[in-house]
Amino acid sequence: MNVINNKWIGSRTIRPDGADKVTGRASYSADTSMPGMIWGKVLRSPHAHARIVSIDTSRAEAHPGVKAVVTAKDIVEFPLDKSVMLGIQDMRWMSRNVLAREKVLFHGHPVAAVAAMSERIAAEACKLIEVVYEVLPHVIEIEEAIKPDAPILHDFLSFEGKPSNIAGKLEHKLGDVEAGFAKADVVIERHFKTRPVHQGYIEPHSALVSVVDGKAVIWSSSQGQFMVRAMTSLLTGIPQSDIRAIPAEIGGGFGGKTIIYLEPVATILAKKTGRPVKMVMTRDEVMRATGPTSGSMSTVKIGATKDGKIVAAQGTFYLQAGALPGSPIRGAAGCAFAPYDIPNVHSTGFDVVSNRSKVAAYRAPGAPIGAYAAECVLDEVAEALGMDPLELRLKNAARQGTKAAHGPVFPVIGFVDTIEAAIAHPHYKTPLGKLQGRGVASGFWFNAGGESSAQVNITEDGNVAVTTGHPDIGGSRASIANITAELLGIDYKRVSVLIGDTATIGYSNLTGGSRVLFASAMVVTQSTEKVIKTLCERAAKIWKIDPEAVVWEDGEAKPAGENAGKFPALSLVDIAAKASETGGPIGAGVQQNTQGAEGGFATHVCDVEVDPELGIVRVLRYTSFQDVGRAVHPSYVEGQMQGGAAQGIGWALSEEYLYDKNGKVDNASFLDYRMPVCSDLPMLDAVMIEVPNPKHPQGVRGVGEVPLVPPLAAVANAVANALGKRFYSLPMSPPRVLEVLDGA
Amino acid sequence: MTEIRYIAPSSLEEAIGAYAAAAGAARILAGGTDLLVQMRAGVVSPGTIIDIKKIAEATGIEETPEGGFRLGAAVSGAALAEHPRFGQAWPGVLEAVNLIGSTQVQGRASPGGNLCNGSPAGDSVPAMVAAGAVVTLQGPNGRRTMPVEAFPAGPGRTNLAPGEILVSFTLPPRPKGSSDAYLRMIPRTEMDIAVVGVGVNLTLENGTVTAARVGLGAVAPTVLLVEAAAKALIGSKLEEAALEAAAEACRAACKPIDDKRGTIVYRTKVAGVLLKRTVAIAAERAGRN
């Protein structure tokens with residue numbers, strides 16, 4: 001597939017952050033300390049739902065060692081009737097998530113925070129804050145929250161004219177589904193449930209903030225230092241020019257660090273006390289109060305004709321938003337049927353609030369939920385038609401020119417290639433044993449472009465320093481080094497890639513949406529091309545010839561045209577050495593709202609074995625096939641694919657939030673919130689298929705999110721194949737598997 | 001912030017003296033793999049920590065003159081695994097002890113700590129119960145022994161008298177044709193807590209079971225010795241009827257709770273399934289001895 005003759009793009013170069021991370025040298029947010037630093041700690045709600053009658057902080061403030069206390073009245077108020085958007089986040093909800101205002105809306109909701117000489121004193125002082133609550137009835141599950149008599153979380157929300165926990169609705173329509181179903185020979189409709197799952201990053205949220213002379217410096221763990229700056233600015237009232245947000249190395253985000261929790265609180269505490277304030281969440285706090293992705297309740301109906309043509313698809317997806325509006329219904333409703341060329345589609349998403357922590361993004365937000373329902377029904381359609389499930393997908397696959405229900409007409413895409421590769425792969429032909437089963441599923445994710453900035457500088461000794469504005473969570477530094485080395489024709493070791501802070505590089509949007517390499521490669525490419533143009537001009541000046549008569553080849557400026565061969569080539573080192581005499585420092589920056597990100601597609605094949613006496617499902621073999629556009633750094637791309645599969649297997653088999661009857665999370669630890677461990681998984685095989693994105697200089701498509709879209713259904717379909725019984729609810733944990741097998 | 005006193009006495013007498021002097025404000029540290037976690041979680045905040053790892057009797061592995069073993073309460077799982085003969089005599093006890101925590105935790109975690117933690121789900125406990133281990137305790141009033149199954153008093157509670165320290169486990173001599181096994185059900189493959197744990201200890205003579213003990217964990221407030229299950233096995237040649245009777249005895253003995261780790265229905269059913277699987281392993285091993 002790799003027809004492009006590149007030296008560095010597509011090579012598995014040593015990651016620039018690797019040695020630091022394996023030796024423990026890498027500096028994460030919680031590793032940062034400052035002289036005079038004090039500690040902040042959050043007081044959290046003991047109730048799932050209550051009105052805050054009063055907060056008395058006087059005893060806490062009088063406690064020895066306490067320096068300051070904050071509550072919601074210390075942050076900027078965003079009135080409920082006026083939306084203020086920052087990206088996809090509404091600051092009305094963000095502010096109330098950071099510190100509860102009128103009500104506490106989930107167990108663990110921040111109510112106040114204390115800064116003190118030590119973490120222990122801060123924790124002691126939290127217990128001295130006297131909060132009077134009027135406890136209200138709570139609601140946790142969607143089916144309860146949408147009942148007419150459910151406790152209403154927000155008076156300001158109404159749906160169809162009535163007070164409701166339904167905060168929003170999104171609909172995609174294509175053709176006429178009723179007419180489509182009328183033409184179908186097979187129609188299958190099923191109901192599904194999934195549980196919320198946490199992103200499971202190893203590094204808890206952490207922030208250190210210093211405010212001196214009204215100017216704040218923030219060191220924190222996030223997926224976007226500019227997001228940290230903007231949100232902190234909005235919540236504290238400090239202008240963006242007075243906030244410098246410094247990105248630390250990040251110990252996992254997966255979407256969960258695209259919003260903030262601690263930064264504005266620590267900023268206000270630092271401002272009040274005049275001392276640097278550090279805050280680090282415990283795992284318990286992370287599990288109780290930071291975003292998982294939504295749990296869901298879905299119905300999907302698909303109709304096909306005898307020859308295997310899908311003629312209509314309908315989906316209704318209810319997603320938990322947590323306590324404040326904003327679940328990823330766009331991902332569920334938009335991606336569920338997007339891989340297929342279906343003439344009649346009706347897809348609807350409902351955003352439902354309940355007394356859970358507010359959801360945050362998690363790789364391809366919402367899309368795995370939609371794909372789970374759609375791909376499981378598709379499997380049953382294939383069964384009913386007597387068709388191979390991959391052949392059914394191939395027959396209906398979206399191709400160049402297919403109109404998707406969520407809007408676009410697809411350009412060049414590689415979905416068909418992923419299905420064909422799966423069919424041809426030895427995995428798909430390997431015989432299965434007793435109690436073993438094989439499942440397949442496909443998936444789609446939008447991907448994104450957006451704002452990025454880059455600066456490419458030639459150092460005085462003729463090497464290269466590149467600065468971009470995105471925290472590196474998936475290999476962007478290594479990939480940018482590969483691209484820059486390729487364009488300049490030099491060894492990649494001569495390129496150093498750094499992540500700038502908000503004061504040292506131009507605005508760059510979040511690391512999210514599978515956008516970073518797409519966007520930053522674009523601005524880095526343009527910057528490097530400008531640099532090369534300058535290098536040629538400088539060579540021309542040295543040779544006293546026309547700049548148009550100079551070419552850049554293999555890392556050197558060479559005279560071309562009628563001057564070819566007249567002068568010895570000048571290397572980057574040669575030109576850098578004469579930079580001052582020829583016009584000054586050499587470098588270029590580009591800032592752009594990048595366009596042309598195209599969707600990603602994947603097809604997964606999963607084999608499982610079931611122990612029917614214990615209800616244990618083990619994954620025996622797993623292979624992902626993905627259109628990756630161009631694998632700039634193949635090891636990282638494979639890592640993304642493997643990571644998505646691992647997270648999806650956990651979602652399908654073992655991960656879930658458990659709540660007690662008081663609406664409190666009962667398993668807020670990695671012991672009882674069961675993410676798979678290494679020994680639970682086989683080697684996860686990744687097959688990269690490169691169908692370059694024609695709108696990108698290197699053909700890049702986002703690769704970070706679509707790997708989590710197919711696994712839920714792939715595993716579910718494999719279990720159904722092994723047992724001859726279907727599960728319509730995740731996770732397929734041992735007690736649930738036995739329940740279904742024993743017919744309970 | 002209150003200070004914590006740490007002492008590491010080299011004799012049992014010294015440890016008992018310090019323990020008594022602290023009057024309830026002290027905690028015994030063996031491997032610390034439960035204690036330190038509980039301290040970090042704020043569940044306990046001892047004024048004094050008494051490390052018993054410097055006491056020879058608490059960390060030794062001895063073969064008794066009768067042909068049994070005496071294990072110090074603070075012997076680590078890793079040290080036990082390295083003993084040249086222990087694993088041959090008691091493979092079930094060893095595999096149970098080695099299931100406590102990860103590889104890293106095994107360097108510290110001990111059977112004594114596992115028992116004193118008082119969890120009904122402690123992995124080593126059902127295997128020790130099946131083995132017929134006897135524990136030696138020492139306190140201000142001297143030494144005493146009790147069968148291991150009599151040690152736990154309820155979740156997180158033990159029958160240690162005030163000031164008493166668990167010193168060692170004594171495992172009986174092995175007649176020919178004896179072996180044991182331990183199996184647990186966990187949703188993951190490691191790094192998890194038993195939803196059900198079963199220890200089985202068998203002696204076979206020409207294929208007939210002449211002695212049997214069954215320990216059952218995580219299905220009641222304490223680890224259980226299931227005598228009815230043993231009775232069903234003794235005298236049998238492990239025919240399906242005998243196995244089913246023993247499985248039924250295990251199911252009948254279950255008094256579990258519904259919690260985040262498993263339901264009553266699930267735990268009860270799995271107790272029977274694991275009994276049969278554990279017996280099969282123990283019998284296969286016994287056949288080789």
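We name chains A, B, ... by the order of the sequence lines, and we start the count at 1 in each one.
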- Query: Hey, is CZ on A:Arg621 packed in by over 12 heavy atoms from elsewhere, all under 6.0 Å?
  - Reply: yes
- In this structure, CZ of A:Arg618 is separated from CZ of B:Arg188 (nearest 0.5 Å) by 10.5 Å
- Message: Within this structure, what is the OH-CG distance for the pair B:Tyr266 and A:Leu614, rounded to the nearest 0.5 Å?
- Response: 5.0 Å
- Most heavy-atom pairs under 4.5 Å with chain A, out of B:Val270, B:Val195, B:Asp192, B:Thr263, belong to B:Asp192
- Which bit of A:Ser679 comes within less than 4.5 Å of chain B, counting heavy atoms only: side chain, backbone, both or neither? both
- Query: Within a radius of less than 6.0 Å around CZ of A:Arg283, do more than 12 heavy atoms belonging to other residues, nucleotides or ligands occur?
  - Reply: yes
- Heavy atoms only: give me the nearest A:Arg674-B:Ile193 pair and the separation to one decimal. NH2-O, 4.3 Å
- Message: Would you say that B:Lys260 contacts A:Glu656 through its side chain, given a criterion of any heavy-atom pair below 4.5 Å between the two side chains?
- Response: no
- Could you look at B:Met185 and say if it's the side chain, the backbone, both or neither that has a heavy atom under 4.5 Å from chain A? side chain
- Task: Residue by residue, scan residues 660-671 of chain A and write down, ordered by number, those that have a heavy-atom distance under 4.5 Å to chain B; if none do, write 'none'.
- Result: A:Asp666, A:Asn667, A:Phe670, A:Leu671
- Cut-off 4.5 Å, heavy atoms of chain B, and the answer for A:Tyr673 is backbone
- Message: If the threshold is 4.0 Å, N to carboxylate O, is there a salt bridge linking A:Glu613 and B:Arg277?
- Response: yes
- Query: Can any side-chain N or O of A:Asp680 pair as donor or acceptor with the backbone N or O of B:Thr189 at less than 3.5 Å?
  - Reply: yes
- Atom CE of A:Met37 with >12 non-hydrogen neighbours under 6.0 angstrom: yes
- Mind jotting down which residue pairs meet the side-chain hydrogen bond (donor to acceptor under 3.5 Å, both in side chains) criterion with at least one end in residues 221-234 of chain B? Sequence neighbours excluded, please. none
- Query: Is it true that atom NZ of A:Lys725 has more than 12 heavy atoms of other residues, nucleotides or ligands lying nearer than 6.0 Å?
  - Reply: yes
